[in-house]
2 protein chains.
Amino acid sequence: MRPRDEHKEGLIRQEAVEMIVREGLEGLSMQKLAKAAGVSPATLYIYFKDRDDLIIQLVIEEHTKMSRETLKDFDPDMHFAEGLKVQWNNRVAYYLKHPVGLSFMEHIKHSPYFEKAMQQTGNLFPKVMGEFLSKNIERQELVRVSPEVYWSIAFAPLYQLIKYHISGRGLPPSSTFVLDEEKLQQALELVLKALKP
Amino acid sequence: MRPRDEHKEGLIRQEAVEMIVREGLEGLSMQKLAKAAGVSPATLYIYFKDRDDLIIQLVIEEHTKMSRETLKDFDPDMHFAEGLKVQWNNRVAYYLKHPVGLSFMEHIKHSPYFEKAMQQTGNLFPKVMGEFLSKNIERQELVRVSPEVYWSIAFAPLYQLIKYHISGRGLPPSSTFVLDEEKLQQALELVLKALKP
DNA sequence: TATAAGTGAACGAACGTTCATTTATATTTG
DNA sequence: CAAATATAAATGAACGTTCGTTCACTTATA
């Protein structure tokens, strides 16, 4: 029998992500995607059940890659300041290398696809993060906060800075923005100051 | 001549926002919207030039309402801790009263519509916020930071908490989340701790 | 030769938008 | 003060396009 062109599925996935980043979810059409990937519309349905399935597979792949990179060199038993620094560095490194990954997820996060995809992933990631939080509260290296308050202060600022960086545009009066090492370091220190007892 | 049904445009706008929140930008179709608002498709084109114009008008309206409420009782000459508290309270009050406003903006923010709409609004809002920042840095009530690092730490956590609240779902292990006065107060205090010299 | 990959054309449905026509009311007229 | 008129609101049907998906068919390789 004829074997699958391994390269083809990767190309379809990549073109689909770029199309969503460029034109939004409503900009992803199967016929446009087929043309962009240089295949027949019918070929898409060999690799994916339908349009919904395609999108959900993209979300799962992106989330998996991000999780893997973020947990690199990380251990929930780490001291708080060290562990948070590793997390920040991993996330920055990942998203600066894969900026489309973040933009793509931003498009997806507020759609029904996100929840559907998350149901299909193992929830190892939040489990590890939760363990890191509770252990550090016990050890009193971290103020006593709920997971949500913790996440909001520990990571929401980082994601905002990365988004500024990727878009290239910051706030007035300076129209451009670059997330350099100095700003990143300063932001991390401020966040640590907030969260350490 | 026949006068416009004033109530009608408001109903169209409301149904459109709800449709986008419910089904995303790709879920907003002119024919579905017409049916939902109880008018003919052609009627939509009396009030709005086309679909793009409709969406942009919705963004402008939402942004204007949010800005107005956020600046209530606020003055850029305020002391830092007081000014930030007013900002937090205003934003929380607004979005808890208009949760669809936030969800709607989340859908729009990563689309070309957002930028187009922002070009059509007066930029009084960022100007006032920038003034508040620079004056408080001068007065040494606030660490010396760039506008982007400031915004990331001062407001990104708040928006994340509001989003948790509106979605009703937080992080594991507790599946539900309610942003009560205690959590809000704690988060604000942590943010102030981070940003005060 | 068997079998799955891959195709181009075509399907009905839904899309954004337009148009000829009707409807309702503010204004003008007798 | 009623009746006629002007005018913009409002309509339902229809336009051409594009949508997601399918199918009969061809192609390539185990």
Side-chain angles (χ1 to χ4, degrees), chain A residues 1-61 104 107-108 111-114 116-117, chain B residues 1-61 104 107-108 111-114 116-117:
Chain A
M1 69 168 186
R2 187 175 174 180
R4 282 199 188 183
D5 185 339
E6 301 283 351
H7 183 62
K8 202 157 280 183
E9 182 176 346
L11 183 60
I12 291 169
R13 296 179 100 109
Q14 180 186 322
E15 292 287 345
V17 168
E18 285 174 11
M19 199 170 278
I20 289 173
V21 168
R22 204 179 335 107
E23 309 174 44
L25 266 175
E26 59 181 349
L28 175 76
S29 96
M30 300 302 269
Q31 318 198 66
K32 270 164 56 187
L33 173 59
K35 184 161 282 185
V39 300
S40 160
T43 302
L44 303 177
Y45 292 83
I46 296 173
Y47 294 95
F48 307 97
K49 187 175 156 291
D50 51 28
R51 185 176 178 271
D52 283 11
D53 179 56
L54 163 62
I55 295 171
I56 288 170
Q57 296 305 322
L58 296 177
V59 177
I60 290 173
E61 183 187 8
F104 169 71
H107 280 279
I108 293 299
S111 76
Y113 300 114
F114 183 73
K116 283 182 192 166
Chain B
M1 71 171 187
R2 186 174 175 181
R4 282 198 188 182
D5 185 339
E6 300 284 350
H7 184 63
K8 202 158 278 182
E9 183 176 345
L11 182 62
I12 292 170
R13 296 179 99 110
Q14 180 187 323
E15 292 287 344
V17 168
E18 284 174 12
M19 199 171 277
I20 289 173
V21 168
R22 204 179 335 110
E23 308 175 45
L25 265 176
E26 61 180 349
L28 175 76
S29 95
M30 300 302 268
Q31 318 198 69
K32 271 164 56 188
L33 174 58
K35 186 161 281 185
V39 299
S40 159
T43 302
L44 303 177
Y45 292 84
I46 295 173
Y47 294 94
F48 306 97
K49 188 174 155 292
D50 51 29
R51 184 176 179 271
D52 283 10
D53 179 55
L54 163 63
I55 295 172
I56 288 170
Q57 295 306 321
L58 296 177
V59 178
I60 291 173
E61 183 187 8
F104 170 71
H107 281 277
I108 294 299
S111 77
Y113 299 114
F114 183 72
K116 283 182 193 168

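Residue numbering restarts at 1 for every chain, and letters A, B, ... go by the order of the sequence lines. Predicted, not measured: the structure shown is a model, and the values here were computed from it.
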Between P of dA4(C) and CD of E6(A), the distance in whole Å: 16 Å
Nearest-0.5 Å distance that lies between atom CD in E9(B) and atom CZ in R4(B): 6.5 Å
Distance in angstrom units between Q31(A) CD and dT22(D) P, rounded: 13 Å
Distance (rounded to the nearest 0.5 Å) between L33(B) CG and E18(B) CD: 11.0 Å
4.5 Å side-chain heavy-atom contact, L28(A) and I55(A): yes
Whole-Å gap separating C1' (dT17(D)) and NZ (K32(A)): 13 Å
Touch class at under 4.0 angstrom, heavy-atom based, for Y47(B) against every strand present: sugar-phosphate
Whole-Å distance separating the CD1 atom of I46(A) from the P atom of dT22(D): 13 Å
side-chain N/O R4(A) vs dA5(C) OP1/OP2, d < 4.0 Å: yes
Spacing between K8(A) atom NZ and dT29(D) atom P, to the nearest angstrom: 11 Å
4.5 Å side-chain heavy-atom contact, K8(A) and Y47(A): yes
Along DNA chain C (nearest heavy atom to each residue), the more 5'-positioned of A42(B) and P3(B): A42(B)
L11(A) CG to D5(A) CG distance, which is reported to the nearest 0.5 Å: 9.0 Å
DNA chain D contacts made by residues 20-30 of chain A, counting heavy atoms under 4.0 Å: L28(A), S29(A), M30(A)
Any S40(A) side-chain nitrogen or oxygen under 4.0 Å from OP1 or OP2 of dG6(C): no
D5(B) CG to dA26(C) P, straight-line distance once rounded to whole Å: 13 Å
First of L44(B) and R2(B) reached from the 5' end of DNA chain C, by closest nucleotide: L44(B)
F48(B) side, atom CZ; M30(B) side, atom CE - distance, nearest 0.5 Å: 8.5 Å
d(CZ, F48(B); C1', dT17(C)) in whole Å: 16 Å
Any R51(B) side-chain N or O less than 4.0 Å from OP1/OP2 of dG16(C): yes
Atom-pair distance (OH on Y45(A); C1' on dT22(D)), nearest Å: 9 Å
Donor-acceptor pair, side chain of R22(A) and main chain of G27(A), under 3.5 angstrom: no
